[in-house]
Number of protein chains: 2
Amino acid sequence: MARREATRAAILQAAWDLAHEVGLTGFSLRELAGRVGMRAPSLYEYFDGKDAIYDAMFAAGSREFLAAIRGALGGDVTDPRSALRAAMHAFLDFATSDPVRFQLLFQRSIAGWEPSADAYAPAVEAYELSRTSLAAHGISGRRRLDLWTALVSGLAHQQVANDPGGTRWYDLVDDAVDVFLSHVGTTTDPDAIRP
Amino acid sequence: MARREATRAAILQAAWDLAHEVGLTGFSLRELAGRVGMRAPSLYEYFDGKDAIYDAMFAAGSREFLAAIRGALGGDVTDPRSALRAAMHAFLDFATSDPVRFQLLFQRSIAGWEPSADAYAPAVEAYELSRTSLAAHGISGRRRLDLWTALVSGLAHQQVANDPGGTRWYDLVDDAVDVFLSHVGTTTDPDAIRP
DNA sequence: GTCTATACTGTGATAGAC
DNA sequence: GTCTATCACAGTATAGAC
């Protein structure tokens with residue numbers, strides 16, 4: 001029934017609103033229910049509990065992340081430098097445009113909660129997409145990819161944590177890509193650098 | 001009185017034990033009190049509440065972090081490469097040797113809680129120490145330092161989050177230092193690269 | 001199928017007796 | 001100082017009204 005899905009969507013929207021206002025764990029089910037004109041127990045008709053609501057939020061964020069990465073890699077850029085810059089910019093844009101969502105997706109900030117495999121799947125697909133895209137530009141090897149992910153996540157983490165709303169680490173993206181590419185250029189055999 | 005400080009220390013040790021067993025937010029004050037042979041309200045004689053306990057844990061971890069950085073930078077190494085490697089290794093060692101402590105110090109993982117300025121002070125001093133140490137090796141400029149912190153925190157974060165107990169990103173430290181130094185070598189004017 | 005009232009357990013925190 | 005008792009609030013389970 002469409003009615004049920006509409007109510008689920010309304011609950012999720014209210015949950016995102018509350019998360020932006022008081023933090024991911026700063027609201028109770030009674031508050032959330034109040035936002036959609038219900039009492040707390042009624043929420044259990046639509047979600048199995050608060051964790052299930054977090055999981056649905058994670059799933060939505062995960063799909064948005066995949067879309068963002070897909071959009072950044074889907075252009076018709078041909079040179080590696082432009083492709084890497086687009087990918088890294090997309091990640092930083094995604095992180096800074098909604099720090100709460102970034103926190104939910106990429107930091108383990110909810111006590112004792114972990115996303116389900118289903119909710120996580122799009123994020124995994126986004127990683128695989130990045131991997132194949134880098135490979136298409138001749139960049140492969142686990143060590144190189146790991147250095148790449150460390151660079152990307154490091155910039156995003158520092159930006160969100162230490163300069164929210166600013167561009168202090170965002171402005172380093174082009175430098176970071178240059179640095180990474182010069183590393184790739186000087187190490188030919190992907191995984192045999194330090195065996 | 002020494003008795004009071006001894007009890008405080010016993011409570012903190014029990015808190016660390018519990019944090020390692022069930023996570024930073026996975027234990028209650030009743031459990032914690034039980035570990036030291038008390039009832040929960042008695043803890044309030046020694047700490048103002050759970051947040052104050054987290055703050056004392058943060059302060060201890062912060063001091064340990066400063067000691068680790070001081071130890072890494074205090075050697076008599078003269079060349080920048082060795083110094084940077086020592087610093088980065090120290091950070092990764094610190095992160096992997098106690099992921100719970102790392103989580104408390106470097107990830108905002110406790111809902112609505114922030115460390116006090118006093119508890120944070122040693123961490124600030126560690127950052128300043130790194131900054132002056134890099135400057136002593138001719139590496140200065142906010143952009144370069146920001147790229148350095150992004151690299152360090154990115155490697156540590158990825159290691160702890162995606163390969164706990166392993167060395168997948170730990171093994172990239174030397175590469176990361178090489179990459180960073182080649183960047184430093186190709187950009188002469190620190191902060192005027194992209195004004 | 002939706003929603004409510006009610007209540008159970010556990011939490012951090014407080015008040016006051018001893 | 002340490003206790004018991006209690007509070008307000010949390011997430012959640014159940015029973016039942018419509």
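In this text the structure is predicted, and so the values were computed from the model without any measurement.
- Contact annotation: S42(B) does not reach the phosphate of dG1(D) (side-chain N/O to OP1 or OP2, under 4.0 Å).
- Taking T132(A) as the reference, nothing meets the side-chain contact (heavy atoms from CB on, under 4.5 Å) condition, with sequence neighbours excluded.
- Nucleotide dG11(D) holds its P atom 10 Å from the CG atom of L43(A), rounded to whole Å.
- Residue F47(A) is classed as having no contact, given no heavy-atom separation below 4.0 Å to the nucleic acid.
- The side chain to side chain donor-acceptor pair (under 3.5 Å) test applied to Y46(A) returns no partner, not counting sequence neighbours.
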Spell out protein contact along nucleotides 5-18 of chain C as letters: B when the base is contacted, S when just the sugar-phosphate is, - when no protein heavy atom is under 4.0 Å; keep the 5' to 3' order. BBB---BBBB----
Criterion salt bridge (charged side-chain N to carboxylate O under 4.0 Å, His left out) on R35(A) and D17(A), from CA distance to verdict: CA-CA 10 Å; R35(A) 288 287 180 102; D17(A) 291 345; 5.0 Å; no
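- The side chain to side chain donor-acceptor pair (under 3.5 Å) check on R108(B) picks up nothing, with sequence neighbours excluded.
- Nucleotide dT4(C) holds its C1' atom 11 Å from the CD atom of E45(A), rounded to whole Å.
- Contacts classified as ring pair (Phe, Tyr, Trp, His ring centres under 6.0 Å) and involving residues 131-155 of chain B (residues at least two apart or in different chains) are given here: W148(B)-F180(B).
- Take A150(B) and apply the side-chain contact (heavy atoms from CB on, under 4.5 Å) test, not counting sequence neighbours, and it matches L155(A), Q158(A), W169(A).
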